[in-house]
There are 2 protein chains.
Amino acid sequence: MPPSSPLRPDPEAATQSDPLLDFDLAAFLPYRLAAAAARISRSFAERYREEFGISIPEWRVLAHLNHAGPVSVRDIEARADMEKSKVSRAVSRLEAAGYVSKAVNDDDKRLLVVQLTDAGRALLRRLLPVAMQFQAEMLSRLGPAAEGLDAGLALLLAGDGITHDTGAPHRGNAKQGF
Amino acid sequence: MPPSSPLRPDPEAATQSDPLLDFDLAAFLPYRLAAAAARISRSFAERYREEFGISIPEWRVLAHLNHAGPVSVRDIEARADMEKSKVSRAVSRLEAAGYVSKAVNDDDKRLLVVQLTDAGRALLRRLLPVAMQFQAEMLSRLGPAAEGLDAGLALLLAGDGITHDTGAPHRGNAKQGF
DNA sequence: TTGACTTTGTTGCACATGCAATGAATCTTT
DNA sequence: AAAGATTCATTGCATGTGCAACAAAGTCAA
């Protein structure tokens, strides 16, 4: 018989009290995931805002542009896991700040060609090391648990959308983390 | 010499190209965490909104009340990882819906006593099984990786705030996931 | 070619959010 | 006891968000 861990409680024990079971939010996996993500994002965003004056949606756009070269809004939407309106606004802000340029694709005039400017590339040269260091801090906090965490995330992300280099738009709606 | 994994790239290789390193957002751990959390939260929120008409902040308040009995806003703030204004508004909505009652603590009149009503308890009896099932679906998707994921989350949450039964308020600010 | 349908990006709108400011109650210090 | 500092909850405000509606461009079939 397998042991009853906090994550997988003994199904026998679950049937015990009908009146109101003692559900602990702190042990609820979706909540834990959301809370951890919110905490990490908060500190990352704070650092980026203070140091570079950009938000996370903007960071995502820049990072994707660096990786992929000139792309359309639709492309960013798929690869950076953001709604198209969010992408559109982030790109506009970045354009206003001079970090990217927007042009119309001549082959298909519905599409935008978003591209890094020299200023954008210069910003990225300062941005990327900070991101790498942030991840390094995370990994050092995680230690050997990092592999396990990442494997779990891969499974959750594999579901229908984002995987390594396999982008697809997502559906559904939810304001914030659980 | 240890192998160079995507998570821990070979430091030698990192020094290769000065112009612009090829940073892949899809492999960036903070992004992966945020994207996975967003996806899970989205589908959870959708289910709860459709079926019960409540939002995630409201769900968190209800879950904590069920676990802890009558509490103040400050208590919820700590245990449910939400800003106090968010808690205050969620509690007000729940009160308007008849699921909780608000009263003034007689010992300390600054504190609120938020309490489940009968309707609130009845709602929870319907709510909790859905949450449990949602978590079960998550676990089944994760399989053996669940333990590793949860261990990683525990380390990230241990930092300064939420742990199993050790609540503390948090600082910093960030709109959404990375 | 024309007309229906689809895709792409932007925007109006309603709503949620975080932060700072506020008012009330309590605690601390003198 | 009085004055100052602190804690708790609420709210005004600016901002970010998702969704739906929209216009422009492209596709496809008759």
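If you're wondering where the values come from, they're calculated on a predicted model, not measured in any experiment. Numbers restart at 1 for each chain; the letters A, B, ... are given by sequence-line order, proteins then strands.
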message: Please report the distance, rounded to the nearest Å, between CE in A:M82 and P in C:dG9.
response: 13 Å

- prompt: Does a salt bridge link B:R32 with B:D24, judged by any charged N lying under 4.0 Å from a carboxylate O?
  reply: no

- prompt: How close or far is atom P of C:dT7 from atom CG of A:L112, stated in whole angstroms?
  reply: 19 Å

message: Angle between ring planes, A:H64 versus A:H67, binned at 30° and 60°: parallel, tilted or perpendicular?
response: tilted

field: Pair B:E137-B:S140, side chain to side chain donor-acceptor pair (under 3.5 Å): steps then yes or no
entry: CA-CA 5 Å; B:E137 286 168 24; B:S140 101; over 6 Å; no

- prompt: Can you check the A:K84 NZ to D:dT17 P distance for me, whole Å?
  reply: 17 Å

Distance, nearest 0.5 Å, that separates CG of B:L29 from CE of A:M138: 4.0 Å

query: Given C:dG9, is OP1 or OP2 found less than 4.0 Å from the side-chain N or O atoms of A:S72?
result: yes

query: Counting N and O atoms only, with roles assigned by atom type, does the side chain of A:R39 sit under 3.5 Å from a partner on the main chain of B:L157, one being a donor and the other an acceptor?
result: yes

task: Output yes when at least one side-chain N/O atom of B:S88 is less than 4.0 Å from OP1 or OP2 of D:dA9, else no.
output: no

query: Centres of the B:F23 and A:W59 rings: under 6.0 Å?
result: yes

Interatomic distance, B:R93 CZ vs D:dT11 C1' [rounded to whole Å]: 14 Å

Length of the line joining A:R89:CZ and D:dG18:P, which is rounded to integer Å: 9 Å

Ion pair B:R125/B:D118, N-O distance below 4.0 Å: no

Residues within residues 98-105 of chain B bordering DNA chain D, heavy-atom distance below 4.0 Å: B:K102

task: Provide, to the nearest angstrom, the distance between the CD atom belonging to B:E77 and the P atom belonging to C:dT17.
output: 14 Å

N or O in side chain of B:R74 less than 4.0 angstrom from D:dC8 OP1/OP2: yes

statement: Rounded to whole Å, the CZ-C1' distance (B:R110 to D:dC8) equals 6 Å

- prompt: Rounded to the nearest Å, what distance is computed from the CG atom of residue B:D108 to the P atom of nucleotide C:dC27?
  reply: 6 Å

